[in-house]
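Being a predicted model, the structure only gives us computed values, none of them experimental. Letters go in sequence order (proteins before strands), and every chain restarts at 1.
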Protein chains: 2
Amino acid sequence: MSRTTKGAADAERPGDDTLSRVELQLALLLRRAERTGAVRAGHTPALERSGYLLLLVLGTEGPLGINALAERQGLDASTVTRQVVSLEKAGFARRGRDPQDGRAVRVEATAAGRRQLEYERVRRAALYDQVLADWSPVERATLASLLERLNQDLDAFRREPEGR
Amino acid sequence: MSRTTKGAADAERPGDDTLSRVELQLALLLRRAERTGAVRAGHTPALERSGYLLLLVLGTEGPLGINALAERQGLDASTVTRQVVSLEKAGFARRGRDPQDGRAVRVEATAAGRRQLEYERVRRAALYDQVLADWSPVERATLASLLERLNQDLDAFRREPEGR
DNA sequence: GGACTTATCTGTATCCCACAGATATCTACC
DNA sequence: GGTAGATATCTGTGGGATACAGATAAGTCC
């Protein structure tokens, strides 16, 4: 079927070929990275991953509605609704009705939200600075590039799974 | 403090420097990759990520106890207990008492479990073969290597956060 | 003004995971 | 041999992230 996986029920052992390596490392990464940036030693972050990414979009693209936010992030609108409620509760976002369209909502980052976003960004960068302590600038840049490309390709794949 | 992050409350915009790029892309990746391998189009996978990784350890290192499994994966034992129960319910693992130590448990993959693991592995590899359709073999290999290294470094960091 | 569409929200369900507190065993030591 | 402490696992509980389905409110169109 797929050229690279050959006989499917092949005799490869886990980790043998490149794709399996990538796949396995990604599975591991999901778990590792999740916990690393998060609840380190009782430090409950004011901003979880979801809120962080949401604020980032808000900060970059200004006030948006729920659907727009959901679309930009490839999430369900119901998920975004809850994330916004949560940000609002924390004082990092504000929700107002769209004057043009009474159904729609206008989500906006507050000053505290922008501050917190910046704080998080710096904190996370510092964290990875430590994790990648042994990496050369070139290696770090390569990692960044490959991840960017991987994310783009994952996005593209989600939009239209190539195989049918 | 950290050489690369300079002034901390610096004027960098998101994505400006390498660390921010890495950090951001990882945050995005967590979300993307999670959904991609998983519930694609009603295809409820018999093996979720957690069960997959657990079976992988079991397959590689043979029968193990809960604590050993938890340690190898950097998880809490309570989490592993539930994962094992779930695998057992699905018929992919078996749990028996350790004859030497009545407190301990011996978790073992069943034949069905090994079959399913292999099936998953192939399925996931094929998936990434599609996602990485445009990548050259060298690029794929680079990605695999960098991810492996990143995971190692994340692991090391979790064990002993370098800064204090 | 009724019918259809759209934007958001609420209900419900699934994963994944951790921490705290049982419970059952084992090990040491007197 | 019995008791105290260590150890292995399990159970209770709770939180984060997300999706799908259905409810509600507000536009739009004829």
Name each donor-acceptor pair under 3.5 Å that joins a side chain in residues 83-90 of chain B to protein atoms two or more places apart or in another chain, with its distance.
unit_1  : atom_1 : unit_2  : atom_2 : d
B:Glu88 : OE1    : B:Arg95 : NE     : 3.3
B:Glu88 : OE1    : B:Arg95 : NH2    : 2.9
B:Glu88 : OE2    : B:Arg95 : N      : 3.2

Spacing of B:Asp98 atom CG relative to D:dT7 atom C1', expressed in whole Å: 13 Å

Test item: A:Leu69 and A:Val107 side chains (from C-beta on) under 4.5 Å apart, heavy atoms: yes

Nearest-Å distance for atom pair CG/P, residues A:Leu30 and D:dA17: 15 Å

Value in whole Å for how far the C1' atom of D:dA6 lies from CG of B:Asn67: 12 Å

Any residue of residues 78-90 of chain B with a heavy atom less than 4.0 Å from an atom of DNA chain C: B:Ser78, B:Thr79, B:Arg82, B:Gln83

Distance, rounded to the nearest Å, where A:Leu75 contributes CG and D:dC20 contributes P: 11 Å

Sugar-phosphate only, base, or nothing, as touched by A:Arg106 at under 4.0 Å among non-hydrogen atoms: nothing

Contact check, side chains of B:Leu127 and A:Phe157, non-hydrogen atoms, under 4.5 Å: yes

Nearest-angstrom distance from the residue atom CD1 of B:Ile66 to C1' of C:dA24: 15 Å

A:Tyr52 with A:Val80, same ILVMFWY side-chain cluster at under 4.5 Å: yes

Nucleotides 25-30 of chain D: protein proximity per nucleotide (B base, S sugar-phosphate only, - neither; heavy atom, under 4.0 Å): -BS---

A:Arg140 charged N/C atom sitting above A:Tyr128 aromatic ring, 6.0 Å / 45°: no

Charged N-O contact under 4.0 Å between B:Glu139 and A:Arg149: yes

Test: A:Glu23 and A:Arg21 ion pair at under 4.0 Å: no

Pair A:Glu118 + A:Arg114, salt bridge at N-O below 4.0 Å: no

Salt bridge (charged side-chain N to carboxylate O under 4.0 Å, His left out) partners for B:Asp101, two or more places apart: B:Arg103

Sugar-phosphate, base or nothing in reach of B:Gly74, heavy atoms under 4.0 Å: sugar-phosphate

A:Arg49 vs B:Val105, nearer the 5' end of DNA chain D by closest nucleotide: B:Val105

Angle by which the axis turns from one end of the helix from C:dG1-D:dC30 to C:dC30-D:dG1 to the other, five pairs per end, to 10 degrees: 0°

Close side-chain approach of A:Ser50 and B:Arg31, heavy atoms under 4.5 Å: yes

Salt bridge (charged side-chain N to carboxylate O under 4.0 Å, His left out) partners of A:Arg72, counting only residues at least two apart: A:Glu61

